[in-house]
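Remarks on the structure that follows.
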Number of protein chains: 2
Amino acid sequence: MSTKSLTGASIAAVILSILSNGDSYGYDIINQVRERSGDEIEWKAGSLYPVMHRMQTNGWIEDYWHEPKGERRRRYYRITPKGVKALEKERKQWMTTHRLLLSLWTEAGFSPEVAQ
Amino acid sequence: MSTKSLTGASIAAVILSILSNGDSYGYDIINQVRERSGDEIEWKAGSLYPVMHRMQTNGWIEDYWHEPKGERRRRYYRITPKGVKALEKERKQWMTTHRLLLSLWTEAGFSPEVAQ
DNA sequence: TCTACACATATAGATTATCTATGCAACTTT
DNA sequence: AAAGTTGCATAGATAATCTATATGTGTAGA
C-alpha cells in the first residue's frame, strides 16, 4: 500500500485550486503546498512535472514562459475554462468522499476536533 | 487523468473506517459505500478484492470464513491493531489535505456551503 | 573567484495501482 | 426454469507514480 506523496485524488484538485488563485509555476506550487500544509506535504519535483504535463495535454492548464532579463526563466501555468470545469468535478468528488469518511468516523466515535 | 473510482488516498481509509464500525465482507463494503455516499460512489468488485488482499498482506486486516448452513458463505474481514494505526495515519493525511484544499477554496472564493 | 546552495525544469526506467472483462457458483425471485 | 442478486476471485491491460538522475542559472559567502 505505502502511502503515496502525490496521491491521485488530490493532486489535480490541489494544483487547479492553486492556479485558481493566480498563475504559478512548478517550483512555486511545490513551495505553496509545503507552506500551506505546515510542512506536512512535501511534493517532489520529479513527480509534479509529469503531472503538470499530463494536465496540459488534457487541456486543463496552459503554459507560458516568463523570462525577465537577469532573472531565471520560469514556465508559468494558468488554468483554462476546461480546467475550471475539471476542478468543479474534483471538488464535488472530494467532498463526497469527505462526507463519507466523516460519517464513518463519527459512527466509530473518533474525536470531532480531528475530524472537523 | 480520468478520475478513478477507487482512488488511492481514500480506499484504505474508507475500508478501514468501515471495519472500525464492525467486521464486514467485500460485497457488503461495496454496498455500504454506495448507500452511505447517496449512490455517488460505486465501487466495482473486481477493483475492491485485490485491494482487500493487499491490505491483508500488509497486516492491516484479517479474514475468516462465515458459512452458516443453507446460506452463502462470506469472507469476513476484521481490522487489526496494525490496521488501526494505519487508519490513524490515513486519517491525519486526509485531514491535512482537506485543510489545504479548504484554505485554497476559501481564498478562491468558492461558496462555503459546498466547501464546508 | 571558487564553492556551495537554492532555484528551476525535465525525463527515463522501474514499480505499483487500478480498471475492464470475465469466470464461477449458490441462492432467490418471478 | 429463467433471470437476477449475492458473493468471491483473477488475468491482462493500462495508467499513475516514484526514484534517480540530469542540466543549468543565480546568489551568498569564504
Side-chain angles (χ1 to χ4, degrees), chain A residues 1-15 18 23-35 39 41-58 60-77 86 90 93 97, chain B residues 1-15 18 23-35 39 41-58 60-77 86 90 93 97:
Chain A
M1 184 92 8
S2 76
T3 314
K4 294 162 287 177
S5 51
L6 248 65
T7 176
S10 56
I11 316 166
V14 171
I15 295 173
I18 286 175
D23 295 2
S24 185
Y25 54 96
Y27 200 83
D28 180 58
I29 290 174
I30 289 170
N31 288 335
Q32 279 198 47
V33 168
R34 188 184 50 248
E35 283 162 26
D39 291 344
I41 302 176
E42 181 71 43
W43 283 358
K44 302 290 173 57
S47 300
L48 178 67
Y49 288 111
V51 173
M52 302 294 288
H53 296 161
R54 187 154 35 89
M55 291 178 70
Q56 200 171 4
T57 65
N58 286 350
W60 295 0
I61 58 178
E62 287 171 347
D63 77 305
Y64 58 93
W65 281 103
H66 180 69
E67 29 197 342
K69 287 157 192 163
E71 267 186 57
R72 269 182 293 263
R73 65 182 201 162
R74 296 161 177 165
R75 188 190 287 278
Y76 271 79
Y77 292 95
E90 296 286 329
Q93 286 182 201
T97 305
Chain B
M1 183 91 10
S2 77
T3 315
K4 294 163 287 176
S5 52
L6 247 65
T7 176
S10 56
I11 317 164
V14 170
I15 295 173
I18 286 175
D23 295 1
S24 184
Y25 53 96
Y27 201 83
D28 179 57
I29 289 173
I30 289 170
N31 289 336
Q32 279 198 48
V33 168
R34 187 183 52 249
E35 283 162 27
D39 290 343
I41 302 176
E42 181 70 42
W43 284 357
K44 302 291 173 55
S47 299
L48 179 67
Y49 288 112
V51 173
M52 302 294 288
H53 296 161
R54 188 153 35 89
M55 291 178 70
Q56 201 171 2
T57 64
N58 285 351
W60 294 2
I61 58 177
E62 287 172 347
D63 77 305
Y64 58 93
W65 281 103
H66 179 69
E67 29 198 343
K69 286 156 193 164
E71 268 185 57
R72 268 181 294 264
R73 64 182 201 159
R74 295 161 178 166
R75 188 192 287 277
Y76 272 79
Y77 292 95
E90 295 287 328
Q93 285 183 201
T97 305

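All values reported here derive from a predicted model rather than from experimental measurement. In the text below, chain A, chain B and the rest are named by the order of the sequence lines, each starting its count at 1.
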Item to check | Interatomic distance, Gln56(B) CD vs dC8(D) P [rounded to whole Å] | outcome: 12 Å
Checklist entry - In chain order, what residues pass the side chain to side chain donor-acceptor pair (under 3.5 Å) check against Asp23(A), with sequence neighbours excluded? => result Tyr64(A)
Checklist entry - Does Arg54(B) make a side-chain N or O approach to OP1 or OP2 of dT16(C) shorter than 4.0 Å? => result no
Checklist entry - Could you give the distance from NE2 (His53(B)) to CZ (Arg75(B)), rounded to the nearest 0.5 Å? => result 6.0 Å
Checklist entry - Could you write nucleotides 5-15 of chain C as a row of B, S and -, 5' to 3', where a protein heavy atom under 4.0 Å of any base atom gives B, of only sugar-phosphate atoms gives S, and otherwise -? => result --BBBBB----
Checklist entry - How long is the line joining NE2 of His66(A) and P of dG26(D), in whole Å? => result 14 Å
Checklist entry - Nearest-Å distance, CD (Glu67(B)) to P (dC27(C))? => result 12 Å
Checklist entry - Expressed in angstrom and rounded to an integer, what is the separation of Asn58(A) atom CG from dA15(D) atom P? => result 12 Å
Checklist entry - Rounded to the nearest Å, what distance is computed from the CD1 atom of residue Ile41(B) to the C1' atom of nucleotide dC19(C)? => result 17 Å
Item to check | Integer-rounded Å distance: dC18(D) C1' and Lys44(A) NZ | outcome: 8 Å
Next on the checklist: Just the rounded figure in Å: distance from C1' of dC8(D) to CD1 of Ile61(B).
Outcome noted: 14 Å
Checklist outcome for this item: When rounded to whole Å, the CD1 to C1' distance for the pair Ile11(B) and dA16(D) reads 12 Å
Next on the checklist: So Gln56(B) and Tyr77(B), do their side chains get closer than 4.5 Å, heavy atoms only?
Outcome noted: yes
Checklist entry - Once you round to the nearest 0.5 Å, how far does CE of Met52(B) lie from CD1 of Ile11(B)? => result 11.5 Å
Next on the checklist: Consider side chain to side chain contact (heavy atoms under 4.5 Å, CB included). Of Gln32(A), Met55(A), Glu90(A), which one does Ile15(A) pass it with?
Outcome noted: Met55(A)
Next on the checklist: With side chain to side chain contact (heavy atoms under 4.5 Å, CB included) as the criterion, how do Trp65(A) and Tyr25(A) come out once you've worked through the C-alpha distance, each side chain's angles and the decisive distance to 0.1 Å?
Outcome noted: CA-CA 10 Å; Trp65(A) 281 103; Tyr25(A) 54 96; over 6 Å; no
